[in-house]
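Each chain gets a letter, A, B and so on, in the order the sequences are listed, and its residues count up from 1. Note that the structure is a prediction, hence the values are computed from the model and not measured.
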2 protein chains.
Amino acid sequence: MDATDRKILAVLQADASLSVAEIGNRVGLSTTPCWKRIQRLEADGVITQRVALVDPEKVGWGVTVFVAIETGDHSGEWLENFATLVSAMPEVVEFWRMSGDVDYMLRVVVPDIKSYDAFYRKLIAGAKLKNVTSRFAMERVKFTTALPMTA
Amino acid sequence: MDATDRKILAVLQADASLSVAEIGNRVGLSTTPCWKRIQRLEADGVITQRVALVDPEKVGWGVTVFVAIETGDHSGEWLENFATLVSAMPEVVEFWRMSGDVDYMLRVVVPDIKSYDAFYRKLIAGAKLKNVTSRFAMERVKFTTALPMTA
DNA sequence: AATGAAATAAGATGCAC
DNA sequence: GTGCATCTTATTTCATT
């Protein structure tokens, strides 16, 4: 992956609706080689998917909560089961296994506070957890799916 | 926004590379009305953008850190300045203003631990902060940009 | 590897109903 | 909403540098 590939990725991370010709213009390539590079980036799994991003407020899922979980001592099998269970919950949009004091970090979206309570009850009903800390977001100051493409 | 719009959004959140005809098939519409709905959803800002998602590991930004920040007592102007400063950092992919014990939550991506240290120094050099807690992610168990489309 | 041209297929867009 | 015409773009091929 060279610098031109990274330029293409930068463009596609910002706007995947552009034509190949336009992307080529922006990175200094004609359409054919630009198209070939994009195909390769997809085949190599560098580009994983193309998605539409939706305004959370406008679809009624405007409440974001960060959930820090300490699972305590559990078997590998238990943890695997826990991961499967939590991953399957559609409100969980991010689910990270952490190092340090917190074992897992979730980002959860819900329509309102009341439905967060419902989620929380589902969560603790499904698994015996040592500690769960919920922190509510007030404002999304920045959110991007674009990774930096400059070293 | 009716149930059909939500179906369209569910499809486009999962795969924005599908043709309008194929999306129509999946939601029970022919191409023209499906296309019109998509145009409207974009015009109304429900769909905010179409982007390519990239594998963080494969582009060398595989380290994710959650940063919880307590700013302490500061003026509104100071906080605004802080928000602008942090938003401009490309490593910061998420930046949330929180309620409760933590004032801000960041999700930061970096190539490696060493570059996180560089980021951290930049962060604390730019603003006088009361407390900064960095938590490192070990594994991305789930990550989706798709919001639930069912009530 | 890239370019430009060109041909074909697929899809987006617009119009009549 | 449907069906169809048209226009744009994606995709592939090829000769050339």
Side-chain angles (χ1 to χ4, degrees), chain A residues 1-61 144-151, chain B residues 1-62 111 144-151:
Chain A
M1 227 200 4
D2 63 10
T4 305
D5 281 345
R6 288 187 175 269
K7 282 188 194 172
I8 292 172
L9 292 173
V11 172
L12 280 176
Q13 284 189 122
D15 187 353
S17 73
L18 298 170
S19 72
V20 176
E22 174 59 25
I23 298 165
N25 277 339
R26 299 197 185 182
V27 305
L29 282 180
S30 58
T31 58
T32 306
C34 185
W35 182 82
K36 282 183 183 169
R37 281 172 182 263
I38 294 170
Q39 295 303 308
R40 184 171 40 74
L41 289 166
E42 286 178 344
D44 293 350
V46 178
I47 295 171
T48 56
Q49 32 174 5
R50 290 155 180 269
V51 300
L53 301 183
V54 163
D55 184 325
E57 305 279 355
K58 293 197 173 161
V59 292
W61 291 76
T144 182
T145 54
L147 304 173
M149 280 301 127
T150 52
Chain B
M1 228 199 5
D2 62 11
T4 305
D5 280 345
R6 289 188 173 267
K7 282 188 194 171
I8 291 173
L9 291 173
V11 172
L12 281 175
Q13 285 189 121
D15 187 352
S17 75
L18 298 171
S19 71
V20 177
E22 175 58 26
I23 299 165
N25 277 339
R26 299 196 185 184
V27 306
L29 282 180
S30 56
T31 58
T32 305
C34 185
W35 181 81
K36 283 181 183 169
R37 280 171 182 266
I38 293 170
Q39 295 303 307
R40 184 170 42 73
L41 289 167
E42 286 178 343
D44 293 350
V46 178
I47 295 171
T48 57
Q49 29 174 8
R50 287 155 181 271
V51 300
L53 300 184
V54 163
D55 185 323
E57 305 279 354
K58 294 199 173 159
V59 292
W61 291 76
T144 181
T145 54
L147 305 173
M149 280 299 128
T150 52

> Can you tell me how far the CG atom of A:Leu41 sits from the CE atom of A:Met1, to the nearest 0.5 Å?
Replying inline: 7.5 Å
Is [X] reaching over with its side chain to a backbone N or O of [Y], donor-acceptor style, under 3.5 angstrom?
X: A:Lys7; Y: A:Gly28; result: no
X: B:Arg50; Y: B:Ser17; result: no
X: A:Asp44; Y: A:Val46; result: no
X: B:Thr48; Y: A:Leu53; result: yes
X: B:Thr144; Y: B:Ala146; result: yes
X: A:Trp61; Y: B:Pro148; result: yes

>> For a quick check, with a 4.0 angstrom heavy-atom cut-off, what is the B/S/- contact string for nucleotides 6-17 of chain D, read 5' to 3'?
In response: ---SSSSB----
>> Does A:Arg40 reach a base, just sugar-phosphate, or nothing at all? Heavy atoms under 4.0 Å.
In response: nothing
>> So B:Lys36 and B:Leu29, do their side chains get closer than 4.5 Å, heavy atoms only?
In response: no
> Under a criterion of less than 4.0 angstrom to any heavy atom of chain B, what are the 5'-terminal and 3'-terminal contacting nucleotides of DNA chain C?
Replying inline: C:dG11 to C:dC15
